[in-house]
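Some notes on the structure that comes next.
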2 protein chains.
Amino acid sequence: MGARETGHEVLAAVLRISDGQPQVLAWQRAQEPDLGRWALPGGRLRDDEDVERSVLRQLAEKVDVREVAHVEQLGVFSDPCRVPGVRLIATAFLGLVPSDADPAIPDDTAWRPIAPGEGPAIAGAAFDHDTIVSAARDRLRAKLSYTNLGFALAPREFTISALRDLYVAALGHSVSATNLQRVLTRRALLEPTGSVAPPGPSGGRPAAVFRFTDRALRVTDAFAVLKPPGEHGRGAVT
Amino acid sequence: MGARETGHEVLAAVLRISDGQPQVLAWQRAQEPDLGRWALPGGRLRDDEDVERSVLRQLAEKVDVREVAHVEQLGVFSDPCRVPGVRLIATAFLGLVPSDADPAIPDDTAWRPIAPGEGPAIAGAAFDHDTIVSAARDRLRAKLSYTNLGFALAPREFTISALRDLYVAALGHSVSATNLQRVLTRRALLEPTGSVAPPGPSGGRPAAVFRFTDRALRVTDAFAVLKPPGEHGRGAVT
DNA sequence: CCAAAAGTGTTGCGGATACACCCATGG
DNA sequence: CCATGGGTGTATCCGCAACACTTTTGG
């Protein structure tokens with residue numbers, strides 16, 4: 001019960017898919033503790049802001065926040081020993097940046113690759129930041145399948161196969177372009193722009209260009225089972 | 001940027017179903033601010049505990065924590081003005097108590113009814129505690145349909161129709177006992193104890209008694225769509 | 001004309017709901 | 001023997017995954 005100084009920080013695991021691989025924005029610490037290790041962007045919460053405002057402010061120091069398509073709370077990390085020396089409670093966020101955005105970032109900052117699957121998400125993470133990145137990766141995976149969260153990974157306009165590649169990288173398993181298109185159009189998440197993309201150097205039919213109808217999070221599959229009566233196969237798209 | 005004293009509190013929305021209605025544990029404030037209004041149990045986070053430990057400690061002051069079958073983080077509530085005068089950040093939790101448990105509670109504390117549906121969850125809530133109860137109610141509803149969370153609402157042993165009544169109250173819509181049993185047994189969440197419950201005063205066939213196979217949270221329906229290939233109808237029960 | 005990429009048609013499977021029907025008990 | 005509540009069998013629906021097939025381009 002010592003009167004150890006306690007503080008509150010906000011951390012953001014900002015993810016994007018680039019070159020078929022999930023990445024997280026991190027900066028390399030230039031001081032002890034954890035010198036040389038990779039830390040998530042963030043910082044102290046101010047008196048006059050809530051954590052949602054704070055995370056946007058902190059991110060603005062690293063990237064152009066207009067590029068961040070979606071932000072949501074992940075949870076609180078509060079182990080008394082999570083940062084040596086001080087008592088620092090962290091509220092962690094998931095942020096998503098579309099794959100075509102390439103915001104300018106500071107010199108000490110880089111996009112670090114995220115391992116798929118279950119284990120540690122990034123190598124050389126500072127403090128408990130790997131736990132946070134894992135939570136972010138898992139949250140993204142889960143929400144891709146029952147929300148329209150794909151909008152936050154994709155460019156404003158895209159072909160189905162480009163979108164498929166994003167889902168493959170984020171989910172960590174193969175995804176059929178055919179079925180992806182059907183699932184997303186059935187739920188009215190996609191709409192064609194009308195234009196087509198030119199085929200690649202080896203030919204092939206030009207791909208139709210789509211966009212997401214909404215660019216804000218929407219739950220499209222609220223009830224897996226135990227739907228309210230009378231909604232038999234209607235999927236409860238509220 | 002004033003050096004206003006800031007603190008961290010932990011709050012718990014402890015829910016149970018009683019008499020076919022969801023209820024939340026709350027205590028009536030005896031001081032300003034918000035005198036007479038209903039507040040969630042909780043209190044200051046100590047230096048040597050994380051929020052998970054803290055919420056269990058705080059709950060121990062109100063109820064027998066052994067009765068609490070499940071606890072999980074809901075999120076951070078950090079509006080600078082959420083509590084007048086001081087800067088107080090709250091980490092909120094959802095707690096669940098089985099319907100047959102009736103723990104002793106202090107005089108100022110009571111089980112307050114929760115409104116179903118969308119609007120405000122309880123009347124006369126202190127501070128932003130209604131928002132927290134709403135979040136708890138929504139979380140419970142969502143997880144009932146894709147996890148085994150029912151175990152935290154139900155007694156250790158129960159009949160299907162008793163379980164159905166719990167689901168009806170928690171979900172806010174009718175649930176068929178037939179289908180509830182099939183869904184839960186197909187997913188191997190229920191097992192029969194072998195015994196039967198005596199019929200009511202008006203007769204009827206004696207009901208078989210069941211229990212949940214697991215009494216810890218398990219996700220039973222991870223992928224609504226976009227399952228990994230080769231898992232066609234297998235439901236991905238990992 | 002062939003290869004490559006995109007997109008559509010079609011089939012099959014399986015879970016979930018709904019409903020009809022059988023079972024066991026009290027009065 | 002009837003009413004009441006419990007439980008099972010079965011039909012239907014519908015979404016999704018899988019795959020065959022057609023379309024449109026480049027070489």
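Numbered from 1 within each chain, the chains take letters A, B, ... in sequence-line order.
- Remark: A:F151 engages no residue in a ring pair (Phe, Tyr, Trp, His ring centres under 6.0 Å) (not counting sequence neighbours).
- Listed by first and then second residue, the side chain to side chain donor-acceptor pair (under 3.5 Å) pairs involving residues 65-77 of chain A are A:E52-A:Q73, A:D64-A:R66, A:H70-A:E72, A:E72-A:R139, A:E72-A:K143 (not counting sequence neighbours).
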Please set out all donor-acceptor pairs under 3.5 angstrom arising from side-chain atoms of residues 90-100 of chain B, sequence neighbours excluded.
from	atom 1	to	atom 2	distance (Å)
B:T91	OG1	B:H8	NE2	2.7

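- One interatomic measurement links the two molecules: CZ of B:F210 to C1' of D:dT8, which rounds to 12 Å at whole-angstrom precision.
- If you find the closest nucleotide of DNA chain D to B:V225 and to B:T159, the one lying nearer the 5' end belongs to B:T159.
- Partners of B:F77 by ring pair (Phe, Tyr, Trp, His ring centres under 6.0 Å), not counting sequence neighbours: none found.
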When the side chains of residues 102-123 of chain A are checked against the rest of the protein, which donor-acceptor pairs come out under 3.5 Å, sequence neighbours left out?
from	atom 1	to	atom 2	distance (Å)
A:D102	OD1	A:R16	NH1	3.4

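- If you check residues 191-203 of chain A against DNA chain D, the residues with a heavy atom closer than 4.0 Å are A:P199, A:P201, A:G203, listed by number.
- Picking from C:dT17, D:dA17, D:dA18 the nucleotide with the shortest atom distance to the side chain of A:K227 gives C:dT17.
- Residue A:L190 contributes atom CG, which lies 15 Å from atom C1' of C:dA6 at whole-angstrom precision.
- Separating the CZ atom of A:R164 from the P atom of C:dA5 is a distance of 11 Å, rounded to the nearest angstrom.
- One can place CG of B:D221 at 11 Å from P of C:dG15, the figure rounded to the nearest angstrom.
- For the pair A:T213 (side chain) and A:L189 (backbone), a donor-acceptor distance under 3.5 Å is present.
- Applying the side chain to side chain contact (heavy atoms under 4.5 Å, CB included) criterion to A:A188, with sequence neighbours excluded, gives no partner residue.
- The side chain of A:S161 lies closest to C:dA6 when the candidates are D:dT24, C:dA6, C:dA16.
- When rounded to the nearest whole Å, the span between CZ of B:R186 and P of D:dT8 equals 14 Å.
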I'd like a list of close polar pairs between nucleotides 19-23 of chain D and the protein, N/O only, cut-off under 3.5 Å.
from	atom 1	to	atom 2	distance (Å)
D:dT23	O2	A:R205	NH1	3.2

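- Looking at B:S145, its side chain never comes within 3.5 Å of a backbone N or O of A:F223 through a donor-acceptor pair.
- The distance between atom CZ of A:F158 and atom P of C:dA5, rounded to the nearest whole Å, is 21 Å.
- Listed by chain and number, the residues in a side-chain hydrogen bond (donor to acceptor under 3.5 Å, both in side chains) with A:Q58 are A:S54 (sequence neighbours excluded).
- Distances shorter than 4.0 Å separate some side-chain N or O of B:Q181 from OP1 or OP2 on D:dT8.
- Atom CD1 in A:I160 sits roughly 13 Å away from atom C1' in C:dT8 (whole-Å rounding).
- At a threshold of 4.0 angstrom between heavy atoms, the contacts of B:A208 are confined to the sugar-phosphate backbone, with no base atom among them.
- In this structure, A:R187 places its CZ atom 13 Å from C1' of D:dC14, rounding to the nearest Å.
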